[in-house]
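Notes to accompany the following structure.
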Amino acid sequence: MNISTSSLANTVVVLDFETTGLSPNQGDRAIEIGAVKLENGQVVDQFQQLMNPGRRVSSFIEGYTGITNTMLSDAPSCEEVMTDFASFIGDANLVAHNASFDQRFLDAEFDRISHRYDGEFACSLLIARRLYQDAPNHKLGSLVTYKNIETDGVFHRALADSEMTAKLWLQMLEDMKTDFDIQSPSFKLMQQISKKTKAAVPTFLYRTGKGRA
DNA sequence: TGCCAGGCCCTCTTTAGGGCCTT
């Protein structure tokens, strides 16, 4: 493995979209993308950009995100922003909270610019449901409180949410070290966890930590 | 007019239904 490949293997981009609604299949578009790049557990870069979806957003979305039609009127197009974002992520693996949602919008927006990427997704929500089975719920904000993760108090903006998700991701890696003696949890291992039943995860992690997987 | 997401996951399940998550 050469140096660049080795570096890529340890690079993860944690991302979050703000959008006009819940479904690109129903015509919804991205209005903001935020992301942080992690290398070997350290934040090395970040990305945040509003984008103009070409139509007005609802008052619900204005209230939910704080992103107004006025703010979007001067923003570059989705196509411009997503072209820049494609360069930012490269082929790194990706993390998001409820990743199926962000993956749908990433794929839909990349389709519009005919861009393909090779990275794979891991879902912090699915992993948290398995690792933190005693949490009151698994909303991002609730998990941040549950794990005493420091925030700046901003929610539902793309960069702030991606930063919180990145901190949650690193916390989960740390907890796997302390609770299951897994010193360097790989991205693949995290994906494996998200696909196992909740009941099977503790035994799986115990055996992995003891090198018996 | 009325409807409108999609995937995961649990259970009073599997020939189903509904809550949880994301905006």
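Every chain is numbered from 1 and lettered A, B, ... according to where its sequence line falls, protein lines coming before strand lines. Heavy atoms only: backbone and side chains are in, while hydrogens, waters and symmetry mates are out.
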- Check every strand shown and say whether A:D28 touches a base, only sugar-phosphate, or nothing at a heavy-atom separation below 4.0 Å. nothing
- Task: Check whether any side-chain heavy atom of A:D16 sits under 4.5 Å from a side-chain heavy atom of A:D102, and report yes or no.
- Result: yes
- Item | Between B:dT23 (C1') and A:L125 (CG): distance, integer Å | 15 Å
Please report, to 0.1 Å, the donor-acceptor pairs under 3.5 Å made by any side chain of residues 149-157 of chain A, with sequence neighbours excluded.
from	atom 1	to	atom 2	distance (Å)
A:T151	OG1	A:G153	N	3.1
A:D152	OD1	A:V154	N	3.1
A:H156	ND1	A:Y64	OH	3.3
A:R157	NE	A:E32	OE1	3.0
A:R157	NE	A:E32	OE2	3.3
A:R157	NH2	A:E32	OE2	2.7

- Look at all strands and tell whether A:I31 reaches a base, only sugar-phosphate, or nothing, counting heavy atoms closer than 4.0 Å. nothing
- DNA chain B-proximal residues of residues 98-110 of chain A, any heavy atom under 4.0 Å: A:N98, A:F101, A:R104
- Query: Looking just at side-chain N and O atoms, do A:E62 and A:N69 make a donor-acceptor pair shorter than 3.5 Å?
  - Reply: yes
- Item | Rounded distance in Å between the C1' positions of B:dA16 and B:dT23 | 28 Å
- Message: If I compare all heavy atoms of A:A158 with all of A:G34, which pair ends up nearest, and what's the gap?
- Response: CB-N, 3.1 Å
- Query: Between B:dT22 atom P and A:Q26 atom CD, what is the distance in whole Å?
  - Reply: 20 Å
- In terms of the angle between their ring planes, are A:F101 and A:F105 parallel, tilted or perpendicular, with boundaries placed at 30° and 60°? tilted
- Query: If we take the C1' atom in both B:dC8 and B:dC3, what is their distance in whole Å?
  - Reply: 24 Å
- Message: Is the ring pair A:F187/A:W169 parallel, tilted or perpendicular, if the boundaries are 30 and 60 degrees?
- Response: tilted
- Message: When you compare the side chains of A:T20 and A:R55, does any donor N or O come within less than 3.5 Å of an acceptor on the partner?
- Response: yes
- Message: So if I take residues 56-67 of chain A and measure heavy-atom distances to DNA chain B, which residues fall below 4.0 Å?
- Response: A:F60, A:I61, A:Y64, A:T65
- Task: Could you measure between the two P atoms, the one in B:dG2 and the one in B:dC20, and give it in whole Å?
- Result: 28 Å
- Query: Side chains of A:K188 and A:E120: does their closest heavy-atom pair fall under 4.5 Å?
  - Reply: yes
- How many Å lie between CG on A:L140 and P on B:dC20, as a whole number? 17 Å
- Whichever of A:N25 and A:T197 has its nearest DNA chain B nucleotide further upstream toward 5': A:N25
- Query: With distance as the sole criterion, is a donor-acceptor pair present between the side chains of A:Y206 and A:D179 under 3.5 Å?
  - Reply: no
